[in-house]
Amino acid sequence: MVRVLGKDLRLPDLVSPESFHSELRSTRLTSQLGIALGVAFAVCFVTGLTSHLIQHPPAWFWWPSRPAGLYRFTQGLHVATGLACVPLLGAKLWSVYPRLFERPAVRSIGHALERASIAALVAAALFQVVGGLLNVSRWYGALPFFFTTGHYWGAWLAVGALLVHIGVKLPTVRDSLARRVADKGPGGISRRELLGTVGAAAGVITLATVGQTVAPLSPVSVLAPRRPTVGPQRLPVNKTAAGAGVRDLALDPAYRLVVRGPDDELSLSLAELASLAQHTVVLPIACVEGWSASGTWSGVRLGDLARMVGLDPGEASAEVESLQQGGRYRVSTVAPTHIRDDWTLIALGLNGEPLHLDHGYPARLIAPNRPGVLQTKWVGRITFRRDK
Ligand SMILES: Nc1nc2c(c(=O)[nH]1)N[C@H]1C(S)=C(S)[C@@H](COP(=O)(O)O)O[C@H]1N2
Ligand SMILES: [Mo]
């Protein structure tokens with residue numbers, strides 16, 4: 001026997017619904033939380049799918065190079081809505097969890113299917129939120145699989161189960177929202193107060209993290225894993241040169257940028273690169289993990305390099321390769337839309353100084369409206385192909 005909140009409980013009671021009975025739980029509360037969670041999840045799904053398509057474009061997919069900050073916005077929203085799901089999901093699960101102990105566990109085949117779909121939904125939702133949290137906290141080692149693959153398939157599972165769930169529950173939701181119910185149980189807080197608390201928790205979590213992309217909020221963003229202005233040259237670093245194992249190659253005085261076309265091949269020293277027409281642009285690095293930060297980049301237009309090997313920038317695609325020997329992000333593909341864009345640079349400088357080694361010295365790719373993972377650092381070779 002133990003005493004919990006003034007009640008004497010036997011151990012089996014601790015896992016029985018009666019011992020945690022609350023007047024606050026109602027179909028109406030669950031419906032309202034469900035709607036909020038559904039909206040957050042939908043925004044998170046669409047923005048996440050967009051990010052996935054940009055990184056693994058199928059033939060039909062096209063992503064523009066402007067507005068330059070669009071990806072910064074969609075991915076910031078993805079991570080912010082994902083984080084807001086934490087209190088919403090917690091409250092929603094709390095509002096229904098006594099159902100877990102319903103007996104008989106299965107009443108009919110239909111009931112069994114419904115319970116199975118809810119089990120899949122809860123598992124997928126927890127998997128998505130916990131996995132995403134670990135990833136943005138940069139606890140990469142905590143997951144026994146490659147995060148983005150798991151997160152991608154988990155999202156489809158969650159969406160499928162969610163659609164089934166909405167289909168099954170829609171009449172109940174309609175009914176519970178149409179009927180007025182007493183807002184206050186005997187003592188304790190009211191449903192509105194509970195909803196307000198959950199909303200406030202989501203707001204606090206957002207404020208405490210969104211400064212990783214909205215610079216003016218950075219001082220209050222105590223939980224943000226990154227700050228947009230902290231790092232060498234006032235910009236965060238995702239992977240350092242030492243971490244990528246490229247220090248020696250990047251600092252080698254014999255460095256050459258190899259630029260290949262279908263017919264020509266150039267080999268440019270850093271001094272030769274610096275003697276080409278230089279351009280300056282203000283563009284963000286927008287990491288898939290939700291942080292983003294603006295920099296003032298200067299360097300050579302990628303389109304000019306395409307011209308130097310005899311290609312029209314609008315008709316060429318490019319493979320930009322790092323000096324880094326391994327790693328998932330050592331190479332990225334640039335589509336004609338981005339090569340044609342005057343803001344796409346092979347940058348040699350950042351914020352008025354030569355690139356810091358950790359930001360990709362001697363040369364890195366920076367292009368508008370592109371995820372950080374595609375902004376290849378320590379570029380050693382560019383291969384242009386005729387696209388059409
Ligand atoms: N060669 C190489 N380039 C890379 C990476 C990498 O691991 N290797 N990381 C990418 C990621 S995930 C991001 S968010 C940006 C970050 O750029 P920064 O470190 O200059 O802020 O670099 C990108 N370029
Ligand atoms: Mo990133």
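Just so it is clear, the values below take in all heavy atoms, side chains as well, and ignore hydrogens, waters and symmetry mates. Every number for a ligand or one of its atoms is a count from 1 in the order of the listing.
- For Arg66 and Trp343, the positive end sits near the middle of the six-membered ring, less than 6.0 Å away and at most 45° from its axis.
- Of all atoms in ligand 1, numbered sequentially from 1 with element shown, those under 4.0 Å from a heavy atom of Cys287 are 14 (S).
- Backbone and side-chain nitrogen or oxygen atoms of Ser322 are examined, and one is located within less than 3.5 angstrom of a nitrogen or oxygen of ligand 1.
- Between the Arg256 side chain and the Leu266 main chain, no donor and acceptor come within less than 3.5 Å of each other.
- The aromatic ring centres of Phe147 and Trp139 sit 6.0 Å or more apart.
- Of all atoms in ligand 1, numbered sequentially from 1 with element shown, those under 4.0 Å from a heavy atom of Trp291 are 14 (S), 21 (O).
- Below 3.5 Å of separation, one finds an N or O of Pro236 facing an N or O of ligand 1.
- Residue Asn238 has at least one N or O atom closer than 3.5 Å to an N or O atom of ligand 1.
- The ligand atoms of ligand 1 that sit less than 4.0 angstrom from a heavy atom of Trp378 are 1 (N), 2 (C), 8 (N).
- Of the possible donor and acceptor atoms, none in the side chain of Ser65 sits under 3.5 Å from a partner among the backbone N and O of His338.
- Counting only distance, with no hydrogens or angles, the side chain of Ser322 and the backbone of Lys377 share a donor-acceptor pair below 3.5 Å.
- The shortest heavy-atom distance from Ala244 to ligand 1 is not under 4.0 Å.
- Atom CZ of Arg247 has 12 or fewer neighbouring heavy atoms from other residues, nucleotides or ligands inside a 6.0 Å radius.
- Counting protein heavy atoms only, atom 5 (C) of ligand 1 is closest to Tyr329 CB, 3.9 Å.
- Distance from atom 22 (O) of ligand 1 to its nearest protein heavy atom, with residue and atom name: Arg364 NH2, 3.4 Å.
- Checked against the 6.0 Å centroid criterion, the rings of Phe145 and Phe127 qualify as a close aromatic pair.
- Every N/O-N/O distance between Lys239 and ligand 1 stays at or above 3.5 Å.
- From the protein, the heavy atom lying nearest to atom 1 (N) of ligand 1 is Gln324 OE1, 2.8 Å.
- Figure legend: Arg72 and Trp291 shown without cation-pi pairing, the cationic atom not lying both under 6.0 angstrom from the six-membered ring centre and within 45 degrees of its axis.
- With a 4.0 Å cut-off on non-hydrogen atoms, Lys377 touches ligand 1 through its backbone as well as its side chain.
- When every heavy atom of Leu323 is checked against every heavy atom of Leu249, the shortest pair comes out as O-CD1, 3.4 Å.
- Between His359 and ligand 1, a contact under 3.5 Å exists for at least one N or O pair.
- Looking only at protein heavy atoms, the nearest one to atom 15 (C) of ligand 1 is Gly372 O, 3.5 Å.
- Using 4.0 Å as the threshold, Arg328 has no heavy atom nearer than that to any atom of ligand 1.
- The protein heavy-atom contact nearest to atom 24 (N) of ligand 1 is Gln375 O, 3.0 Å.
- Cation-pi contact between Arg328 and Phe146: present, with separation from the ring centre below 6.0 Å and deviation from the ring axis of at most 45°.
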